[in-house]
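Heads up, the thing below is written out as structure tokens.
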Number of protein chains: 2
Amino acid sequence: MHSGPVASRSADPRDSRESKNGGGPQLDAVSLAIIEQLQEDGRRPYAAIGKAVGLSEAAVRQRVQKLLDQGVMQIVAVTDPLTVGFRRQAMVGVNVEGDVESVADALTAMAECEYVVMTAGSFDLMVEIVCEDDDHLLEVINKRIRAVPGVRSTESFVYLKLKKQTYMWGTR
Amino acid sequence: MHSGPVASRSADPRDSRESKNGGGPQLDAVSLAIIEQLQEDGRRPYAAIGKAVGLSEAAVRQRVQKLLDQGVMQIVAVTDPLTVGFRRQAMVGVNVEGDVESVADALTAMAECEYVVMTAGSFDLMVEIVCEDDDHLLEVINKRIRAVPGVRSTESFVYLKLKKQTYMWGTR
DNA sequence: CCCGCTTCTGCGAAATCCGCAAGCCGAGAC
DNA sequence: GTCTCGGCTTGCGGATTTCGCAGAAGCGGG
């Protein structure tokens, strides 16, 4: 009775369109569909998800648990920083002399750095900073980031208006 | 019996440290605590949250529902883009002639633009792009973004390695 | 003081979550 | 072929959670 159209095609969650893939464990179409369901509503009941993706409640439960355990996905509350008291944000481009990764690790350790990525281009690193006010922002950029050994220079882009922020990977 | 240490201080979710605040509706300490609980685990039961913040199960439920309705927070699954098949990401700085906001709106409408923000500094806009492969990335940057009326120039920063990505606003 | 508004609480009823067992089925190994 | 293994399904109870609603409590305005 539960022979869903998706499940009938591929029953093994480990297979994928192609097996050579850069990242970690692979996802099949069903797990993708489950993730999409949980991206719409992280608290959706397992039974409802199962109905949508063509799986039983128990199977969905197992898959979700596995995805969580593997670290493929996490179910969390995300907020608008403005409404929780963080009024200044900025993207900071960083140029490094020496080991880029060690600088990245130092920035990662800072609570105000929400996002740290190594890049190709005229910056070696890009860092998103979330602060409470201008003083806080100034301190983080000029005192803390520039004090990290290996940081040659920085360029700041203060946020004026956040236009879009989605969490819809895989939903396209 | 349920006189929690946090709730006893302020019972009105609308008040805050200071009433003049840039953003939208204000949050009191209890709502903050609820958000923190849900940032650790978006599926945590209301009763467990209530015990942690000193509120009844029903009260937590009402608060969460209101936070969701107001758009202050959303409970969603977030994934590592790599594991869901998006292997190329980039930050793109954009310079605009004319109305910046209309360009921002055009970029916001593009599915590949995960993040769009207006900035002060040597770029007018910064956009995060999530793509499946190099061809896709190239097409988005050179064909689609540069085709938007008002875009004067762009500079791309291809992601080499994502070092940190948190959703812990308010948890510090 | 009383009223209106909002929030919190308490409590049943319904739904969900969770673990478990038995059987099915396809894929791969031997 | 046969075997094993992993995953899915079905079914089941019991514990837990969610949900809606009525009543009480706090708070500011008239």
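Per chain, numbering begins at 1; letters A, B, ... match sequence-line order.
- Heavy-atom distances to DNA chain C give each of A47(A) and V60(B) a nearest nucleotide, and the one nearer the 5′ end belongs to V60(B).
- R144(B) pairs by the salt bridge (Lys or Arg N to Asp or Glu O under 4.0 Å) definition with E112(B), E139(B), not counting sequence neighbours.
- Of all non-hydrogen atoms in R146(B) and V151(B), the two that sit nearest each other are CA-CG1, 4.3 Å.
- Applying the side chain to side chain donor-acceptor pair (under 3.5 Å) test to K163(B) and every residue at least two apart in sequence or in another chain returns E101(A), D105(A).
- By the salt bridge (Lys or Arg N to Asp or Glu O under 4.0 Å) test, D133(B) pairs with no residue at all, sequence neighbours left out.
- Residue K66(B) contributes atom NZ, which lies 14 Å from atom P of dC5(C) at whole-angstrom precision.
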N/O to N/O distances under 3.5 Å, protein versus nucleotides 19-22 of chain D:
residue : atom : partner : partner atom : Å
dG20(D) : N7   : R61(B)  : NH1          : 3.1
dG20(D) : O6   : R61(B)  : NH2          : 3.2

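- Nearest nucleotide to the L55(A) side chain, out of dC8(C), dC8(D), dT17(D): dC8(D).
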Let's go through D28(A) and R63(A) carefully: what are the C-alpha distance in whole Å and the side-chain angles of both, what is the deciding distance for salt bridge (charged side-chain N to carboxylate O under 4.0 Å, His left out) to 0.1 Å, and is it a yes or a no? CA-CA 11 Å; D28(A) 65 350; R63(A) 292 235 191 185; 2.9 Å; yes
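- Applying the side chain to side chain donor-acceptor pair (under 3.5 Å) criterion to Y46(A), with sequence neighbours excluded, gives no partner residue.
- Rounding to whole angstrom units, CZ of residue R43(A) and C1' of dT16(C) are separated by 12 Å.
- Here dT7(C) is the nucleotide among dT16(C), dT7(C), dT17(D) with the atom lying nearest to any side-chain atom of R63(B).
- Among the heavy atoms of the strands lying under 4.0 Å from A59(A) are primed sugar atoms or P, OP1, OP2 only; no base atom is included.
- In this structure R43(A) satisfies the side chain to side chain donor-acceptor pair (under 3.5 Å) test with no other residue, sequence neighbours excluded.
- One can place CD1 of I34(B) at 12 Å from C1' of dT7(C), the figure rounded to the nearest angstrom.
- D99(B) pairs by the salt bridge (Lys or Arg N to Asp or Glu O under 4.0 Å) definition with nothing, not counting sequence neighbours.
- Every side chain to side chain donor-acceptor pair (under 3.5 Å) that R44(B) has, sequence neighbours left out, goes to Q37(B), E40(B).
- In this structure, R44(A) atom CZ and dA15(C) atom P are separated by 18 Å, rounded to whole Å.
- Summarising the geometry, the separation between NZ on K51(A) and C1' on dT9(D) is reported as 15 Å, rounded to the nearest angstrom.
- Each end of the helix from dC1(C)-dG30(D) to dC30(C)-dG1(D) gets its own axis from five base pairs, and the two axes differ in direction by 30°, given to 10 degrees.
- For D69(B) and dT6(C), the CG to C1' distance is 16 Å, given to the nearest whole Å.
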